[in-house]
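Below is one structure, written out as structure tokens, with a few remarks after it.
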Amino acid sequence: MEASTAPGTRCLLDENTFTENFMNQISVRKTYLCYKVEILDGDAWVPLDEYKGFVHNKGANQPGQPCHAELYFLDRIRSWNLDQELHYRLTCFISWTPCHTCAQNLATFLGENSHVSLRIFASRIYSLAGYEAGLRTLQAAGAQIAIMTSKEFEHCWETFVDHQGRPFQPWDELEVVSQHLCEKLQAILQTQQN
DNA sequence: ATTTTCAAT
């Protein structure tokens, strides 16, 4: 379980963990965040596979302070000490969109690190307590925020899952739910003020 | 058309 993020282990999710957490038509009380890093070389983005991996939140049912996945992600980014003279693009695939507080923290990070761009693809929209304003703040800080479509789910499967050679198998309603969430997110991000 | 969701009614 926790060994999945221990040093020295391969940074791949098992199939069930991926599917259980990223299925977009159900609600799950935990969050997984897969990330990858690319560096700008001329006009091309070159993958830095050594910075590929995933984190998940620590819930209130576990020892110690609860912590959202995004904060672990920020910890990892800071630990890399990315060269400020270069430009990086971080892409994360997260099972819930960031909450209000995490969105603010990510926005602050982007404001302080102009050599880093952030793209977020989310499976579901976390919609509690100020989430809309949080997402707008994050977008205003330069992040691209989008909903995962079958393209992103398949990419995640290929990139972050220990799939043993098996192809990604979309679940029922994946496209319908994704489309609906895309529209909902667009409505949130296009709203002015607040 | 879509709300209970980074757990604990």
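Each chain gets a letter, A, B and so on, in the order its sequence line appears, and its residues count up from 1.
- For Arg89(A) and Ser117(A), the side-chain atoms include no donor-acceptor pair closer than 3.5 Å.
- Judged by atom type and distance alone, Ser127(A) reaches the base of dT5(B) through a side-chain donor-acceptor pair under 3.5 Å.
- Put simply, CD1 on Ile120(A) is 17 Å from P on dC6(B), counting in whole angstrom units.
- Between Gln62(A) atom CD and dA8(B) atom P there is a gap of 12 Å when expressed in whole angstrom units.
- One interatomic measurement links the two molecules: NZ of Lys184(A) to P of dT3(B), which rounds to 6 Å at whole-angstrom precision.
- Applying the ring-ring contact (aromatic ring centres under 6.0 Å, His included) rule to Tyr51(A) yields the partners Trp80(A); only residues at least two apart in sequence or on another chain are considered.
- Within 4.0 Å (heavy atoms only), Lys58(A) reaches sugar-phosphate atoms of the nucleic acid but no base atom.
- Whole-Å rounding puts the Lys30(A) NZ to dT5(B) P distance at 14 Å.
- A search for ring-ring contact (aromatic ring centres under 6.0 Å, His included) contacts involving His87(A) returns Trp45(A), not counting sequence neighbours.
- Side-chain proximity of Val176(A) to dA8(B), dT5(B), dT2(B): nearest is dT2(B).
- For DNA chain B, no neighbouring residue in residues 137-156 of chain A is found when judged by any heavy atom under 4.0 Å.
- If you take atom C1' in dT9(B) and the same atom in dT5(B), they sit 15 Å apart, rounded to whole Å.
- Heavy atoms of Ala69(A) sit under 4.0 angstrom from at least one base atom.
- Residues Ser150(A) and Glu175(A) bring a donor and an acceptor atom of their side chains to less than 3.5 Å of each other.
- Remark: Asn61(A) is not in phosphate contact with dC6(B), judged by side-chain N or O atoms under 4.0 Å from OP1 or OP2.
- Rounded to whole angstrom, the span from the OH atom of Tyr126(A) across to the P atom of dT5(B) amounts to 9 Å.
- Atoms CG (Leu185(A)) and P (dT5(B)) sit 20 Å apart, rounded to a whole Å.
- The side chain of His180(A) approaches dT2(B) more closely than any other nucleotide in the set dA7(B), dT3(B), dT2(B).
- Residues passing the side-chain hydrogen bond (donor to acceptor under 3.5 Å, both in side chains) test with Gln164(A) are Asp162(A), sequence neighbours excluded.
- The CD1 atom of Ile125(A) sits 16 Å away from the P atom of dA1(B) (whole-angstrom rounding).
- Listed by chain and number, the residues in a ring-ring contact (aromatic ring centres under 6.0 Å, His included) with Tyr131(A) amount to none (sequence neighbours excluded).
- The side chain to side chain contact (heavy atoms under 4.5 Å, CB included) search around Thr101(A) returns Cys99(A), Asn105(A), not counting sequence neighbours.
- As a whole-Å value, the separation of Phe22(A) CZ from dT5(B) P is 18 Å.
- Among the protein residues, Thr97(A) comes within range of the nucleic acid bases, having at least one heavy atom under 4.0 Å from a base atom.
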